[in-house]
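Quick note: numbers below take in every heavy atom, side chains included, and nothing from hydrogens, waters or symmetry partners.
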Amino acid sequence: MDLSEYKIEIVLSEAEIAVLERVDGAASKLTVAINPLDLSAPIPVELAQTASVLCVEVNPQSRQSIARIAALRAEQPDLPIIALVREADLSLVRALLRQGVNDVIELPLSIAQLTESVGDLIANRKGQTPRNHQKAGKLIAVVKSIGGVGATNVAVNLAATLAAQGDDRACLFDLDVQFGNAATYLGAAAEPSLTELLEGGARIDGDFLRTVMSVVSGGASFVPAPAEILPIEAVDEAQLRRVLQTARNEFEFVVADLPANWANWTLSVVAQSDLIILVVELSVGSLRQGKRQLQLLKSQGIESSRIAVLVNRVEQRLFKTIGLDDAAKVLGHPVQFHVHNDYPLMSAANNQGIVVADLNKRSKIARDFARTAQAVSEMAVQAAS
Ligand SMILES: Nc1ncnc2c1ncn2[C@@H]1O[C@H](COP(=O)(O)OP(=O)(O)O)[C@@H](O)[C@H]1O
Ligand SMILES: [Mg+2]
């Protein structure tokens with residue numbers, strides 16, 4: 001792709017210009033213009049009107065530098081905007097993305113990173129109407145109280161039930177980079193995987209994404225976890241954000257199975273999510289850890305309305321030790337969904353590499369997932385609006 005035909009306008013304070021990497025004209029594929037501007041000054045209208053992509057410095061210390069982004073977006077709904085931030089913390093990144101910024105890049109500015117981001121923005125725009133935030137697919141993150149509660153099965157079956165509603169409705173990412181086993185449950189090849197996408201740099205677009213995806217049992221398009229165990233911190237947060245954004249341009253629902261451990265990038269994924277499903281079991285250990293997970297999510301500024309609790313493996317017994325009401329009380333959060341316990345069916349489905357609906361559509365758990373998917377799609381749409 002020839003990026004030189006696009007005009008990249010960069011707005012930086014004098015302090016950041018002083019430490020800017022020297023742009024070697026021959027080495028850079030971009031046509032870049034640097035515009036010195038005070039952090040508190042509004043963005044000149046001409047600049048916003050003539051830029052193909054506008055990169056604007058944001059400093060959390062300067063309220064005006066954040067406010068001018070909102071003003072810019074309001075005036076230029078279709079302009080690709082990249083925020084440039086020094087030591088961006090997660091809540092700021094989240095706030096910026098919510099204001100409609102298309103990407104966030106860390107300062108000091110690296111031309112390589114800028115080239116990657118611009119390439120991605122322009123590729124995503126080709127042949128389609130400008131990216132409309134209302135139209136973006138919904139991101140649904142599946143997290144768990146502790147390993148073994150059935151989160152992967154929830155993610156897999158939920159994605160399948162959402163996918164059953166039409167072509168390109170749903171895709172599934174196995175982001176459990178160390179213990180991901182969704183591919184096994186789905187009878188899918190282990191490669192290509194998330195690794196190709198994380199290493200794909202600026203090549204990430206809808207077509208590239210689909211070369212990595214395979215359509216699995218139930219009809220969802222699936223990206224397996226890396227075949228080799230990655231150190232949890234090795235995932236590049238910005239690259240993954242681009243990958244997920246691309247997926248949201250292609251699918252109505254993007255389901256992500258997250259690891260049990262938190263890292264910066266997993267917090268970023270939940271921050272970007274329209275809905276977070278916390279999977280727990282009715283055991284003391286799982287509920288206790290579930291409560292801690294909820295506290296963590298809330299401490300990240302995630303509203304309760306974006307979190308749904310799913311209790312898995314519910315027994316239908318006359319005398320229950322812990323019921324759904326007790327779970328809600330312990331968690332301090334309502335229990336929105338539950339899935340029954342059916343180990344024979346679930347393990348048969350897992351062993352055959354198919355989703356439960358493909359094994360027995362009329363089973364209780366298949367119906368549980370169908371009901372959950374219906375409510376999840378409604379919740380995700382509501383949370384996003
Ligand atoms: N609703 C269920 N009923 C019975 N067994 C289940 C159910 N959900 C999951 N399991 C079983 O629990 C085990 C762990 O499931 P998995 O989805 O891999 O958990 P996690 O991803 O939370 O570690 C698997 O053996 C699976 O078959
Ligand atoms: Mg799992």
Side-chain angles (χ1 to χ4, degrees), residues 89-91 93-94 138-159 172-182 225 230-233 235 237 240-241 244 254-314 321-339 341 368-369 372-373 375-376 379-380 382-384:
D89 75 352
L90 201 61
S91 58
V93 171
R94 215 178 117 230
K138 307 291 170 275
L139 178 60
I140 299 168
V142 178
V143 302
K144 52 189 157 275
S145 55
I146 48 176
V149 290
T152 299
N153 270 296
V154 167
V156 160
N157 285 285
L158 199 59
L172 171 68
F173 281 80
D174 189 346
L175 299 184
D176 193 350
V177 296
Q178 300 191 317
F179 302 104
N181 57 350
L230 274 190
I232 184 130
E233 289 294 352
V235 175
E237 186 271 333
L240 181 62
R241 183 147 36 81
L244 293 175
V254 179
V255 180
D257 188 16
L258 290 187
N261 295 327
W262 292 105
N264 260 320
W265 65 268
T266 59
L267 289 171
S268 164
V269 172
V270 294
Q272 293 159 59
S273 296
D274 297 292
L275 187 67
I276 298 141
I277 301 180
L278 172 65
V279 182
V280 301
E281 263 182 354
L282 293 178
S283 71
V284 174
S286 168
L287 292 175
R288 189 172 292 157
Q289 191 59 21
K291 184 177 177 161
R292 297 180 65 202
Q293 298 283 49
L294 283 169
Q295 279 164 348
L296 176 101
L297 292 173
K298 285 173 190 168
S299 78
Q300 295 294 311
I302 292 167
E303 312 84 354
S304 296
S305 58
R306 279 203 291 142
I307 308 172
V309 170
L310 184 150
V311 176
N312 193 23
R313 307 194 72 162
V314 174
T321 43
I322 312 177
L324 294 179
D325 296 346
D326 305 317
K329 245 179 248 158
V330 172
L331 294 169
H333 192 282
V335 170
Q336 278 88 350
F337 312 119
H338 66 273
V339 174
N341 187 34
D368 288 339
F369 283 122
T372 304
V376 160
M379 276 185 88
Q382 235 169 29

Considering non-hydrogen atoms only, spot the tightest contact between [X] and [Y] and give its length.
X	Y	answer
L158	F369	CD1-O, 4.4 Å
V142	A151	CG1-O, 3.7 Å
I277	I140	CD1-CG2, 3.8 Å
A308	Q336	CA-OE1, 3.4 Å
D274	A380	CB-O, 3.9 Å
Q178	L230	NE2-O, 3.0 Å

Donor-acceptor contact present, side-chain W265 to main-chain I232, <3.5 Å: yes
D174 side-chain N/O to A182 backbone N/O, donor-acceptor pair under 3.5 Å: yes
List for me each residue that meets side-chain hydrogen bond (donor to acceptor under 3.5 Å, both in side chains) alongside [X], sequence neighbours excluded, and say none if there are none.
X	value
N312	none
E237	R241, S268
N264	none
R292	Q289

Residue list, side chain to side chain contact (heavy atoms under 4.5 Å, CB included) with [X], at least two apart or on another chain:
X	answer
A260	K144
S304	K298, H333
S283	E281, S286
R306	R94, R98, I302, E303, A383

Separation of L267 CG from L90 CG (nearest 0.5 Å): 6.0 Å
Listed partners of H338 passing ring pair (Phe, Tyr, Trp, His ring centres under 6.0 Å), at least two apart: H340
Residues L175, L240; criterion side chain to side chain contact (heavy atoms under 4.5 Å, CB included); working and verdict: CA-CA 10 Å; L175 299 184; L240 181 62; 4.1 Å; yes
Taking the side chain as every heavy atom from C-beta outward, state whether [X] and [Y] have any atom pair closer than 4.5 Å.
X	Y	value
T372	V154	no
W262	Q300	no
V156	L172	yes
V235	T266	no

Please table the atom pairs, donor to acceptor, closer than 3.5 Å between any side-chain atom in residues 322-332 and protein atoms at least two apart or in another chain.
residue : atom : partner : partner atom : Å
D326    : OD2  : G323    : N            : 2.9

